[in-house]
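Throughout, a chain's letter reflects where its sequence line sits, starting with A, and its residues are numbered from 1. Everything quoted here is computed from the prediction, not taken from an experiment. All values below come from the heavy atoms of this structure, side chains included, with hydrogens, waters and symmetry mates left out.
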There are 2 protein chains.
Amino acid sequence: MSDVADYLETRPLTPTAAAVPIVSISALTGAVMSPQAKQAGLAAPDAKRAGVPCSSCAMHSFCMPEGLTSAEAERIEALICPSRTIRNGETLFRTGDSFQSLYAVRAGSFKTIVMHRDGREQVTGFHQAGDMLGLDGVCSGHHSCDAVAIEDSQVCIIPFHLLEAMCRDVKVVQQHVHRMMGGEIVREATLMMLLGTMSAEQRVATFLLNLSGKLQKRGYSPAEFHLRMTREEIGSYLGMKLETVSRMLSKFQKDGLVDTHGKQIRILDMDGLRRV
Amino acid sequence: MSDVADYLETRPLTPTAAAVPIVSISALTGAVMSPQAKQAGLAAPDAKRAGVPCSSCAMHSFCMPEGLTSAEAERIEALICPSRTIRNGETLFRTGDSFQSLYAVRAGSFKTIVMHRDGREQVTGFHQAGDMLGLDGVCSGHHSCDAVAIEDSQVCIIPFHLLEAMCRDVKVVQQHVHRMMGGEIVREATLMMLLGTMSAEQRVATFLLNLSGKLQKRGYSPAEFHLRMTREEIGSYLGMKLETVSRMLSKFQKDGLVDTHGKQIRILDMDGLRRV
DNA sequence: CGAGTAGTTGATTACGTTCAATCTTCGTGG
DNA sequence: CCACGAAGATTGAACGTAATCAACTACTCG
């Protein structure tokens with residue numbers, strides 16, 4: 001439910017960080033389970049050790065605090081369990097599951113959904129490489145949403161009790177965790193604003209702009225990208241029906257703001273979208 | 001933006017805590033400013049020292065972690081600045097203000113609002129005695145919403161850097177802070193669900209039920225209470241117009257679910273409301 | 001290549017907004 | 001204490017946006 005990277009908006013982004021291409025899932029190799037993964041009771045049978053250490057991971061700048069000593073950086077690396085592969089449509093965790101770990105998305109994309117008792121569900125967030133998942137479980141010790149992969153994905157597993165322990169020793173880690181949680185709070189408040197005050201047209205425009213900004217921070221083109229989610233998932237996220245999403249995209253097309261071909265999106269007039 | 005008490009839902013509530021009446025603002029006495037308040041640069045000229053120490057504050061069970069040693073409890077008390085009085089309509093902090101402290105509502109009520117650039121604003125939360133305010137600033141170091149008193153109120157000021165320091169030393173304090181932040185994340189996700197999937201009727205019903213539950217946890221009658229906010233503020237919070245709020249309340253009245261006289265509310269059929 | 005899923009577009013309906021008039025409550029000052 | 005004015009709340013009528021229902025098209029994948 002969280003965007004680790006959001007709080008970076010308020011910090012300068014290094015040019016190198018923005019230019020690094022995202023690691024593809026096929027570039028990640030598999031290996032054996034670590035003792036910590038067993039201890040946390042979380043790594044699935046298909047858990048695999050990523051060949052890439054944090055220090056050389058492209059998402060490094062999104063997950064890790066700055067200003068660590070090399071000893072501290074090593075301690076964090078030791079704390080992180082082997083990454084786990086989640087195939088398209090599979091769930092990383094479900095509502096009610098015991099909360100043990102946070103998950104940093106290393107590659108791929110997820111949606112988080114909450115289910116109403118009457119069966120209706122709503123998408124509460126989309127999460128790409130560099131985002132953090134699982135903070136919803138911190139409060140009660142149980143997850144309060146489902147996290148489902150919307151393409152083949154890979155996550156790093158961070159046992160929360162170990163992270164908490166490290167927070168007690170290393171101030172920058174503590175502040176990093178607080179900022180991640182705080183960022184999630186702000187992100188959700190912004191979304192409440194969107195759901196509470198904007199028209200369907202404005203919501204879709206805002207959605208595209210937010211996604212664009214997020215991709216830009218990761219070194220991708222902000223103007224041309226591929227949607228990982230369906231119209232229905234977008235609609236659920238934005239509090240409207242899929243037909244309405246489709247209509248709004250068609251309208252933007254007609255107005256010359258974007259160029260859509262199914263899931264392929266090209267933003268032609270960024271300012272025009274902002275003015276909607 | 002936070003409800004400290006929400007996470008207590010998952011923990012047993014002691015009968016005594018539920019039975020304690022809420023301290024009235026008139027019961028609080030004033031005194032001088034502490035060195036810490038000056039240091040934090042936050043206490044307003046009208047800051048007053050609450051005569052009541054945390055240990056005998058009625059809201060104690062909502063703000064404080066359990067299982068502290070007496071030395072730790074003393075340290076927390078020393079850390080908390082003199083409380084500050086905020087009159088109806090005054091703001092505790094504004095968007096963009098530098099984030100220095102959290103605020104525990106000791107008496108009264110607040111709303112938090114976010115402002116869109118086009119001037120429209122939305123209420124993102126209501127906060128009563130026992131709730132925590134200010135977590136929105138943790139991420140960026142600046143507040144991302146305004147907190148406005150909707151009746152004469154009093155808050156305890158908790159300098160965040162001191163709280164962070166204590167989190168590093170005392171595990172239960174750390175977990176308490178994490179749970180507060182996590183609780184806020186879950187609260188907002190629930191609200192997103194409400195805004196994204198529910199009809200106006202269901203939203204108003206849910207609002208009344210949530211408020212009722214919150215009051216019950218504080219030892220008040222869950223069936224009969226006084227709304228502190230206007231229809232317009234409720235509407236803004238629920239993503240609808242004040243007229244719609246009014247119509248829904250009238251409808252509930254007609255259906256025999258509630259009895260409303262202006263801001264005085266009596267819930268006649270709790271289950272009926274839940275079934276809406 | 002065919003089945004099934006995802007997406008687009010049109011027609012109709014319904015819910016909530018908008019605009020407006022009226023009523024109530026509450027705070028202020030004569 | 002009551003009168004007055006302002007702000008808040010209620011109710012009605014007309015309107016508009018997005019939902020619903022439905023038909024059709026375009027992809028994707030065994």
Length of the CG-C1' vector between L242(A) and dT9(C), whole Å: 12 Å
Length of the line joining Q202(B):CD and dC15(C):C1', which is rounded to integer Å: 13 Å
Closest to the K263(B) side chain, choosing from dG8(D), dT10(D), dG7(C): dG8(D)
Spacing of H261(B) atom NE2 relative to dC26(C) atom P, expressed in whole Å: 12 Å
Atom pair distance, as rounded to whole Å: CG in L227(A) and P in dA6(C): 14 Å
Residue T230(B), side-chain heavy atoms: nucleotide from dG8(D), dA6(C), dT10(D) that is nearest: dG8(D)
Side chain to side chain, T244(A) and L238(A), heavy atoms closer than 4.5 Å: no
Closest approach of G108(B) to E151(B) (non-hydrogen atoms, all atoms of both residues): C-OE2, 3.4 Å
5' precedence on DNA chain C between M248(B) and H226(B) (nearest-nucleotide basis): M248(B)
Euclidean distance, atom CE of residue M240(B) to atom C1' of dC15(C) [Å, nearest integer]: 11 Å
Residue met sooner reading DNA chain D from 5', once S199(A) and M229(B) are mapped to nucleotides: M229(B)
R247(A) (side chain) and dT20(D) (base): donor-acceptor pair under 3.5 Å: yes
Touch class at under 4.0 angstrom, heavy-atom based, for T244(B) against every strand present: base
Closest listed nucleotide, where the reference is the side chain of S250(A) and the choices are dT10(D), dT17(C), dT8(C): dT8(C)
Flag side-chain contact, heavy atom, 4.5 Å: S212(A) against I267(A): yes
Residue E243(B), side-chain heavy atoms: nucleotide from dT17(C), dT9(C), dC19(C) that is nearest: dC19(C)
F93(A) ring center within less than 6.0 Å of Y103(A) ring center: yes
Integer-rounded Å distance: dA6(C) P and Q264(A) CD: 18 Å
